[in-house]
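Below is one structure, written out as C-alpha cells; comments come after it.
Letters A, B, ... mirror the listed sequences (proteins, then strands); counts begin at 1. FYI, side chains are in, hydrogens and waters are out, and symmetry mates aren't considered; it's all heavy atoms of this structure.
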There are 2 protein chains.
Amino acid sequence: MVPKRPAIKRVTIQQVAEAAGVNRSTVSRVFNNPDILLEETVRNVREVARKLGYSPNAAARALRTGRNSNIALVVPDLTNPFMPPIALAVQKEAAARGYSVFIGNADENPNQEMDLLKRLSDQVGGAVLVSPRSDSEQIHALASDMPLVLINRDIKEVPRVLIDSGQGMAQAVRHLAQLGHRRVTYVGGPENSWSNSQRCAAVTHAAHEHGISMSTLPAGTASFVRGVEIVPALLSCGATACIAFDDVLAQGICYGLVENELEIPEDYSVIGCDDILGYPMLTTVSGPAAKAGQIAVDLLMSSLNTPSEEDVRIVLETEFVSRDTVGPPKYR
Amino acid sequence: MVPKRPAIKRVTIQQVAEAAGVNRSTVSRVFNNPDILLEETVRNVREVARKLGYSPNAAARALRTGRNSNIALVVPDLTNPFMPPIALAVQKEAAARGYSVFIGNADENPNQEMDLLKRLSDQVGGAVLVSPRSDSEQIHALASDMPLVLINRDIKEVPRVLIDSGQGMAQAVRHLAQLGHRRVTYVGGPENSWSNSQRCAAVTHAAHEHGISMSTLPAGTASFVRGVEIVPALLSCGATACIAFDDVLAQGICYGLVENELEIPEDYSVIGCDDILGYPMLTTVSGPAAKAGQIAVDLLMSSLNTPSEEDVRIVLETEFVSRDTVGPPKYR
DNA sequence: ATGAAAGCGCTAACAT
DNA sequence: ATGTTAGCGCTTTCAT
C-alpha cells in the first residue's frame, strides 16, 4: 500500500547553511522572517539557496509548525458544468496566496463528503465545500475541527457565500408573466440541494406575486438525460413554460421537447439557471460562480489567520438573461 | 503570509500507546505492518485508537519516510469539458488506492505548468499531466525529479496514455466520403496540443486515402466563441463539411453556421471530437477519457512502487459516432 | 543579528 | 512479538 520508492533526495536547509557559512536557523529566517536579518545575509543566503535549488520541505515545516499551505475543495460532482468555473477560481485565488488545493468529488454523497474531508483534514488548513449534501449537524461538527467555507449552503455560524437566485428567478417569472404565460412548472433538481430549495421558493413566491399558477415537478438528478425523460410528465403539467433547476436539465428538456415535435419557444418556453452552456442559447438566470469561489477562498484565508467571531454570510445576486428559449405562449 | 491559527490539536501516536499500554512503535506497526503483530494486540490498539479518534499525522509520516499519499493532477484548462471526466476518474482511482489529489490549472501556459509542479513537488509522490503544453525537455527534466504520467502527450521515456483519434477520424472521413463529400476542412485547436497535431494528421491521411481534398484552418483556441467567429473563414474554404478539433469548437461552428442562415446538416456537415456535449447531438469522435484518467493513475502507482524500465505507452482507441450534424453535401 | 538546541509525530533499524 | 532509540527537516525559543 505504501510506495517503496523513496522521494527524490532534496536539498536541505542544512546544506544551504553550510554552503553559505551560516547556521540553519539563519537560513530559516531568510525564508520566514528576513526583516530581522542583515540585508547582506539575506541576499547571500538567497543566492546560495537558489544555486543549490533549495526549497523548504513542506512536511517538515508542517510538522514543526502545525500549519500548512493547503486547502481542500469538495464538490458534489465535478462533471456538472457549474463546478469547473468555481474550482478554477478557487485554485487560482489559492495559488495567488501561496496555497495549493486538494480536489475531492463527493459523488453527491454525504458520506463520501465527510470521508474525503476526514482523510484530508490533517493536510489542509481549511476547506471550501460547494453545495454540500451532508446534514447541518455533520457540517457543524466538521467546522469545529477545521475552518470551513460553504458555497450555496446556508448554515448558521458557518461562513458561507450564497448565489441567491431570488432576484433572477423573480425577473424570469415576471418576464414570463408579461409575455402572457399563466401557468409555469418548476422542474426541481437534487433533493438536498440548498440551491434547489431556494430556487423553488423564489419561483413560488414570484408566481404568486404575479398571479400566475405554478406547479412543481421534481427531476431529482439534474442531468441531460433526466431532462429528456421528464418531458412527458412536464407536458402533462399543462403549463406553457418551465423553469428548470439548472441549465443542464433545461438543455435536456429542450431536446426532449423537440423530440416531441414541439418548437422552442413557439410551443413551449424553457428557462434554465447558472448560465453555463454555450448552446443552445438558453434563456437563463446567471450568477457569479467564479466570484463565489474567489470570495470563498478569501474568507477561508481570513479565518485561517483570525477566526472571525461574527456570522459571515455573503450573498451574491443573480440576473435574468433573455436569449432564445422563451417566447409568448401559443394559446392565450 | 503564514497563517497564525495553529491546526487543531490532534491525537498522537504516543497517547494511543499509553492508553493501550504498549509502545509507540507497536501502534505504528498496527497501522503499517499489522501482520507481524499478535491479532489481539492489533484489535486492542485499533479499538483504543478509534476511541481516541486517532489518525496518523501525514506530515510526520511524510517527513520520516520521505513518501506521501498525494499525487498532483495538472490540466491546461479545467473549464474545458474534456477535463472534468478525467479529473473525476483520477480522483476516484487515487482515492481507491488511498491517495489524495492536488489539482492545478495551468491556464494553457507552460510556465504555470512547471510552477505548479515545482510548488507541489515535495508534497506529492508523482503527477498526472493532461495535455501538457511544456517543451519535451522541460517535461523530461521534471520526470527525473518525480514520477510522471502523461495523458495525450507523446514523449519518449515518459509513461503516457494516449487517446488515439486516428481510428475515429478515419471512420469520420470515410463516412463523409461515402456520403459524397469531396472537400473537407479540419479546424485546428491549440498549437502545441499533441491531440491537435494527431487529429490533423489523421484527417490528412484519411482524406488522402479516400481521394478527397482537405484544407486546414487553425482556430488556435478551442472555445465556443472562437468557433462562431471562424465561420466566415471556414465557409471561404469552400468545403461541404468540417471536422473540428473538439466538440466545443464544433458547437461554436454550428451556432455560427446557423447564424449565417445555413442549416445543419443540409447545408453543411460538422463533426466534433471528444463526445462530451449533451446538445446539440453532435456527430463526433468518441474516446475513453475517464478510462485514460484511471489508467494514468494505475501507471503512476506502479511507477511509485517499482519504476518501470520499459517505455510505457498505452494507446486507447476512439470511434466515430454518427448523430445529427452530418448529411450528404448539397451539391454533388 | 546570529547561533545553539530542542522537539514536532512518526517509522525503521536494532535490540530483546 | 514487542520495546528502545535515533532522526527525518524544519522552526522557534533562548542565549550570546
Side-chain angles (χ1 to χ4, degrees), chain A residues 1-46 48-49 52-69 121-123 125, chain B residues 1-46 48-49 52-69 121-123 125:
Chain A
M1 203 230 100
V2 183
K4 268 68 188 190
R5 188 212 249 212
I8 307 300
K9 196 77 207 90
R10 317 195 86 261
V11 182
T12 78
I13 209 173
Q14 177 68 39
Q15 300 173 37
V16 177
E18 278 164 15
V22 296
N23 190 277
R24 277 150 46 204
S25 43
T26 301
V27 179
S28 175
R29 287 183 186 107
V30 166
F31 288 92
N32 295 301
N33 203 1
D35 300 347
I36 66 164
L37 296 180
L38 279 179
E39 211 177 296
E40 194 196 319
T41 312
V42 175
R43 223 179 323 106
N44 178 36
V45 172
R46 278 237 156 82
V48 173
L52 265 45
Y54 168 79
S55 82
N57 179 314
R61 178 179 274 180
L63 178 57
R64 175 64 235 236
T65 63
R67 298 173 247 119
N68 59 51
S69 294
S121 64
D122 69 336
Q123 295 207 81
Chain B
M1 204 228 97
V2 184
K4 302 306 179 303
R5 189 214 248 211
I8 306 301
K9 194 79 207 92
R10 316 195 87 263
V11 182
T12 79
I13 207 173
Q14 177 68 39
Q15 301 173 36
V16 177
E18 278 164 16
V22 296
N23 190 277
R24 278 151 42 203
S25 45
T26 299
V27 180
S28 174
R29 287 184 187 107
V30 167
F31 288 92
N32 295 302
N33 203 2
D35 301 345
I36 67 164
L37 296 179
L38 279 178
E39 211 177 295
E40 194 196 319
T41 314
V42 175
R43 222 180 320 104
N44 178 35
V45 172
R46 278 240 156 81
V48 174
L52 264 46
Y54 168 78
S55 82
N57 179 315
R61 178 179 273 182
L63 178 58
R64 176 63 235 234
T65 64
R67 298 173 248 118
N68 58 52
S69 294
S121 64
D122 68 335
Q123 295 208 80

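- At a threshold of 4.0 angstrom between heavy atoms, the contacts of L38(B) are confined to the sugar-phosphate backbone, with no base atom among them.
- When the nucleotides dT4(D), dC10(C), dG3(C) are ranked by their closest atom to the side chain of S25(B), dT4(D) comes out on top.
- Scanning atom types as modelled, no donor and acceptor separated by under 3.5 angstrom connect the side chain of R64(A) and the base of dG9(C).
- Q15(A) places its CD atom 14 Å from the C1' atom of dC10(D), with the value rounded to the nearest Å.
- The listed nucleotides are dA6(C), dT2(D), dG3(C); the one nearest the side chain of L37(B) is dT2(D).
- Taking atom CZ of F31(B) as the reference point, atom P of dA12(C) lies 15 Å away to the nearest angstrom.
- Neither OP1 nor OP2 of dA6(C) sits under 4.0 Å from any side-chain N or O of R24(A).
- Looking at every heavy atom in both residues, A59(A) comes nearest to L63(B) through CB-N, 3.9 Å.
- Rounded to whole angstrom, the span from the CG atom of N23(B) across to the P atom of dG9(C) amounts to 16 Å.
- Among the protein residues, Y54(A) comes within range of the sugar-phosphate backbone only, with heavy atoms under 4.0 Å from sugar or phosphate atoms but none that close to a base.
- For the atom pair L38(A) CG and N44(A) CG, the distance stands at 11.0 Å (nearest 0.5 Å).
- Remark: the backbone N or O of A17(A) is not paired with any side-chain donor or acceptor of N23(A) at under 3.5 angstrom.
- Note: CG (N57(A)) to P (dG7(D)) measures 18 Å, nearest angstrom.
- Taking the nucleotide of DNA chain C with the nearest heavy atom to each of L63(B) and R29(B), the more 5' of the two is matched to L63(B).
- Summarising the geometry, the separation between CD1 on I36(A) and C1' on dT11(D) is reported as 12 Å, rounded to the nearest angstrom.
- Within the 4.0 Å cut-off from OP1 or OP2 of dT11(D), at least one side-chain nitrogen or oxygen of N32(A) is found.
- Backbone-only contact: T26(A) has heavy atoms under 4.0 Å from sugar-phosphate atoms and none from a base.
- At whole-Å resolution of the value, CG in D35(A) and C1' in dT2(C) are 16 Å apart.
- Using a 4.5 Å cut-off on side-chain heavy atoms (C-beta onward), T12(B) and N57(B) make no contact.
- As a whole-Å value, the separation of E18(A) CD from dG3(C) P is 13 Å.
- Side-chain contact between D122(B) and R61(A) is absent, with no heavy atoms from C-beta onward closer than 4.5 Å.
- Look at CD1 on I13(A): it is 17 Å from P on dA5(C), rounded to the nearest Å.
- On a pure distance criterion of 3.5 Å, no polar donor-acceptor pair joins the side chain of T41(A) and the base of dT2(C).
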